[in-house]
Amino acid sequence: EIYEEVGEKFNINSSKQLGQILFEKLNLPPVKKIKTGYSTNEEVLQTLCLIRPSLKKILDYRQLFKLESTYIRPFPGLINPRTGRIHTSFNQTVTATGRLSSSQPNLQNIPIRNKFGEKFRQAFIAEEGNLFLSADYSQIELRILAHLSGDPNLKKAFDRNEDIHQQTAAEIFNVLPLQLTSQMRRLAKVVNFGIVYGISSYGLARDLGISQKEAEEYIQHYFQRYPQVKEYLGQVVKKAREKGYVRTLLGRKRYLPGILSSNRKMREMAERAAINTPIQGGAADLIKLAMVNLEKRFREEELEAWIILQIHDELIFEVPERELDETRRIVKEEMEGAMKLSVPLVVETKVGKNWAEMSS
DNA sequence: GCGATCACGTA
DNA sequence: GTACGTGATCGCG
């Protein structure tokens, strides 16, 4: 159908060929340029759909092809003949922030939001008599930011265990929580993510599809309400300039060679890394500590449970059914207590027979 | 065969 | 705007 729409056969997987068809043959407006020519990424195709709705088919094709080639086709060949299971490798010395990475296969990026995500996760099944237990830190990065910055307003939200995005929305729009719309919450959520990533008005504008000026206003408003966050972020960057590196909660260093660069793009990228690393790396420190403590506790308490996956802010365990309640209690205790921060840590647990059917 | 690039899956 | 890994294509050799 796609070939018919554009009047010829071509390789849809080739962004180069697709670009030639869309922007040279069909003369569609090149929404975004990249080093090598025209971008054909999802955002661009979405925009072009307004002119030519049939391009939706290309997006659908892309999604299905990605899932088939990355998550379906390779997996049967990765089953270990001895164990009958798939075993990932966790790499300890790869990332710049101290996170783990996972490869061969990467089990830290199995689809979940996608409408087919559930189907994939159904394929991961606990051994007969066992269950999967997942335990994830709630809003860990923003809690670490609250701890590091000491901002009273941000801390207040966590002390009361409130919905942080809703709280931020109420702050930046200056309305009562009851007057909030889902649109306002969505926007606040994007702003919160932006803060953790070392926000720029450029990036925020792009994410929200608003002007850079509007984005700047949101950021200003945020910092007005969370002044110590602003103060803290400024200090982090200043210290990075002085020392040439930043540190995470447990003292891990990340050097930032670009921090004094005369090239603005390089320098600003290093500044964002300076902001993000203590937060992302701090969360990595925390969960690693929890993992070590948990393994010890499992041995001490003679529990059979074991960690099967770590996905940055989440641990997944395989647990004999009869040990579920005790394991769950200990997991929550060890994870929430791994470090004493100035805001509470909250861990949510779920249980299921497979990776898709996990309920509280 | 290798590396760069793009696109896209996760936190 | 942060951090990754994988698959496909493509140009170079």
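A, B, ... follow the sequence lines: proteins, then strands. Residue 1 opens every chain.
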Scan [X] against the nucleic acid and name what it touches under 4.0 Å (heavy atoms): base, sugar-phosphate only, or nothing.
X	value
A:S200	base
A:L107	nothing
A:E141	nothing
A:I275	nothing
A:E314	nothing
A:F193	nothing
A:I34	sugar-phosphate
A:S201	nothing
A:V44	nothing
A:D207	base
A:E268	nothing

Are OP1 or OP2 of [N] and a side-chain N or O of [X] less than 4.0 angstrom apart?
X	N	value
A:S39	B:dC6	no
A:S14	C:dA8	no
A:Q17	C:dC10	yes
A:N109	C:dG5	no
A:R113	B:dT10	yes
A:R272	C:dT2	yes
A:R73	C:dA8	yes
A:R62	B:dC8	yes

Hey, is the side chain of A:K16 pairing donor to acceptor with the base of C:dC10 inside 3.5 Å?
no

Donor-acceptor pair present, A:N13 side chain and C:dG7 base, under 3.5 Å:
no

Which residue in the set A:L26, A:L22, A:V44, A:D60 passes side chain to side chain contact (heavy atoms under 4.5 Å, CB included) when paired with A:L55?
A:L22

